[in-house]
Amino acid sequence: MTTLEKRRILTVDDNQSIHEDYRKVLIPEHVDSAFDEDEAFLFGESTSISHQAYNYQIDSAFQGKEAIAMVQAAIDNQDPYNAAFVDVRMPPGIDGVETASRIWKIEPDLPIVLCTAYSDHTWEEIVDRLGHSDQLLILKKPFDNIEMRQMAASQTTKYHTTKVANLKLEQLEAMVETRSREIMSTQDMLFFSLAKLAESRDRATGVHLDRIREMTKILAIWLSKNGPYQSQLDEKTVSEMERSSVLHDIGKVGIPDKVLLKPGKLTYDEFEVMKTHAQIGCDAIEEAARLSDNSQFLQIAAEIARYHHEKFNGNGYPIGLSGNEIPLAARIVAVADVFDALVSERVYKKAMPVDEAREHINSESGSHFDPAVVDAFNACWPMLKKLAESSTNPITASN
């Protein structure tokens with residue numbers, strides 16, 4: 001014997017006999033007796049089989065508030081109703097239109113059939129009150145058996161189809177999200193490895209990169225919620241700034257060892273060579289961006305690589321941009337990079353105490369650094385100080 005598919009229907013009416021009418025028409029053991037020659041003519045020989053394709057489980061509620069509670073309980077039990085037939089007039093409680101409205105606040109996808117023998121509300125008035133015409137049908141009393149069966153089959157099928165479609169969409173979205181995370185993780189690992197390779201040439205370690213990334217994140221998040229740049233810093237942009245910040249010195253791979261690894265202070269000519277790392281890094285990243293589907297992330301990385309040594313007053317390099325001409329990401333990384341350099345020990349200098357380094361950052365506000373980013377630096381000082389003091393500071397020959 002074929003197992004019939006269960007479809008749950010909630011009937012809401014203050015009249016016990018109406019609930020019995022639903023059962024007589026819809027429950028399988030009553031279908032054959034209710035099936036007449038007119039239906040056979042309309043639907044063909046297979047109609048009685050199609051009527052029995054579903055095992056309708058009918059629950060009865062006699063007032064609107066009772067129905068609302070039953071809908072909630074069904075959802076809580078993970079066995080929701082597939083459709084509801086709701087009487088319009090149910091004195092002394094709330095009417096069917098209000099009942100439908102409250103049910104949809106709990107289960108927006110539930111198809112509802114409003115049943116009425118009265119003209120209390122026009123179709124337009126009902127739709128205006130409910131605003132869910134795509135989930136609403138009206139069935140007139142006295143019931144027509146064929147019409148009731150059609151509505152029961154179509155509405156429960158509609159609910160089932162919607163839920164299956166939503167489930168597949170959720171599964172697809174979850175797969176896309178998982179794949180996106182995997183791609184981002186792979187990109188992060190690749191870019192961090194490349195950045196670490198560049199840092200390794202001057203004997204730095206990944207600790208510097210970790211600190212720059214974390215400081216950039218801290219500053220960018222604060223600026224996304226405070227100050228003048230909130231409209232420029234949505235969650236995606238902040239994430240891309242954080243991820244791309246590790247590539248700020250990637251151009252050092254193109255600097256000769258005699259300059260990059262020099263333990264002492266650079267001469268004028270050597271410093272001119274050193275300064276080219278900004279453009280070298282930018283060019284390399286922009287070339288990668290032309291071959292990548294994630295060009296926005298790489299574009300931010302290119303801006304950081306090229307402009308993180310520019311100064312707010314226009315006295316930086318490589319081209320002497322000033323103020324807001326310097327991309328915001330580069331202005332943020334500039335503060336993080338200089339602060340980390342100050343508190344890190346090098347072969348030619350001791351690490352500067354963190355409080356003294358803070359004073360230096362503040363003294364350069366408006367000249368080297370964007371004042372708004374310095375404001376973020378001060379606002380986030382407890383986190384930045386903790387980060388600086390908790391990290392090791394290996395000796396490097398970076399300039």
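All values reported here derive from a predicted model rather than from experimental measurement.
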Test of understanding: clusters of I, L, V, M, F, W, Y form through side-chain heavy atoms closer than 4.5 Å, transitively. Do Val333 and Phe369 belong to the same one?
yes
Do Glu214 and Met383 make a side-chain contact, defined as non-hydrogen atoms from C-beta onward lying under 4.5 Å apart?
no
Between Leu247 and Ile285, which heavy-atom pair has the shortest distance, and what is it?
CB-CD1, 4.1 Å
Is a donor from one side chain sitting under 3.5 angstrom from an acceptor on the other, for Tyr159 and Glu107?
yes
After noting the C-alpha distance and the side-chain angles of Phe339 and Trp381, does the key distance pass the ring pair (Phe, Tyr, Trp, His ring centres under 6.0 Å) rule?
CA-CA 11 Å; Phe339 175 66; Trp381 176 243; 5.7 Å; yes
Ile319 with Tyr317, same ILVMFWY side-chain cluster at under 4.5 Å:
no
Do you see a donor-acceptor pair shorter than 3.5 Å between the side chains of Asp13 and Tyr22?
no
Are Ile326 and Met215 in one and the same hydrophobic cluster, where Ile, Leu, Val, Met, Phe, Trp and Tyr link if side-chain heavy atoms are under 4.5 Å apart?
no
So, is the end of the Arg7 side chain (NZ or CZ) under 6.0 Å from the ring centre of Tyr56 and within 45° of the ring's axis?
no
Please determine if Arg358 and Asp355 form a salt bridge, counting it only when a charged side-chain N lies under 4.0 Å from a carboxylate O.
no
Heavy-atom count around Gln16 CD within 6.0 Å, excluding the residue itself: above 12?
yes
How about Ser344 and Arg211: do any of their side-chain heavy atoms sit closer than 4.5 Å?
yes
Grab the two heavy atoms, one from Trp104 and one from Leu136, that are nearest each other, plus how far apart they are.
CH2-CB, 4.0 Å
Worked check of salt bridge (charged side-chain N to carboxylate O under 4.0 Å, His left out) between Asp109 and Lys158:
CA-CA 9 Å; Asp109 293 327; Lys158 178 180 180 180; over 6 Å; no
Looking at Cys282 and Arg306, what are the two nearest heavy atoms and their distance?
CB-CB, 3.5 Å
Any side-chain heavy-atom pair of Ile75 and Ile106 under 4.5 Å
yes
State, yes or no, whether a side-chain contact exists between Asp59 and Ile9 at a heavy-atom distance under 4.5 Å.
no
Is there a donor in the side chain of Thr156 and an acceptor in the side chain of Arg8, or the other way round, less than 3.5 Å apart?
no
Using a strict 4.0 Å threshold on nitrogen-to-oxygen distance, state whether Lys6 and Asp79 make a salt bridge.
yes
Might you work through the ring pair (Phe, Tyr, Trp, His ring centres under 6.0 Å) test for Phe62 and His19, ending with a clear yes or no?
CA-CA 9 Å; Phe62 292 87; His19 293 289; 4.7 Å; yes
Might you point out which heavy atoms bring Asp337 and Ile212 nearest each other, and give the distance in Å?
CA-CD1, 3.4 Å
Below 4.5 Å, heavy atoms only, C-beta onward: do Leu137 and Pro111 meet side chain to side chain?
no
In terms of side-chain heavy atoms, does Asp234 have a donor or acceptor partner in Thr237 at a distance below 3.5 Å?
yes
Rounded to the nearest 0.5 Å, what separation is found between the CZ atom of Arg89 and the NZ atom of Lys141?
10.0 Å
Does a side-chain heavy-atom distance below 4.5 Å link Leu223 with Val373?
yes
Determine whether the side chains of Ser367 and Glu364 contain a donor N or O and an acceptor N or O closer than 3.5 Å.
yes
Decide yes or no for Phe312 and His368: does some side-chain heavy atom of the first lie under 4.5 Å from some side-chain heavy atom of the second?
no
Within the structure provided, determine whether Ser224 and Tyr229 are in side-chain contact (heavy-atom separation under 4.5 Å).
no
What heavy-atom pair brings Glu310 and Gly320 nearest, and what distance separates the two atoms?
OE1-N, 3.1 Å
At what distance, to the nearest 0.5 angstrom, does CG of Asn82 lie from OG1 of Thr157?
9.0 Å
On a heavy-atom basis, which atom in Asn145 and which in Val25 lie closest, and how many Å separate them?
OD1-CG2, 3.4 Å
No-hydrogen, no-angle side-chain donor-acceptor test under 3.5 Å, Asp76 and Gln72
yes
Is there a chain of hydrophobic side chains (I, L, V, M, F, W, Y, each step under 4.5 Å between heavy atoms) that links Val338 to Leu321?
no
Could you please spell out the steps behind the side chain to side chain donor-acceptor pair (under 3.5 Å) verdict for Thr11 and Arg23?
CA-CA 10 Å; Thr11 59; Arg23 286 177 169 78; 5.0 Å; no
So for atom NZ, which belongs to Lys217, do other residues, nucleotides or ligands contribute more than 12 heavy atoms lying within a distance under 6.0 Å?
no
Charged N to carboxylate O under 4.0 angstrom, Glu98 versus Arg102?
yes
When hydrophobic residues are tied together by side-chain contacts of less than 4.5 Å, even through go-betweens, does Tyr307 share a cluster with Ile280?
no
Report yes or no: do Thr267 and Glu270 form a side-chain donor-acceptor pair below 3.5 Å?
yes
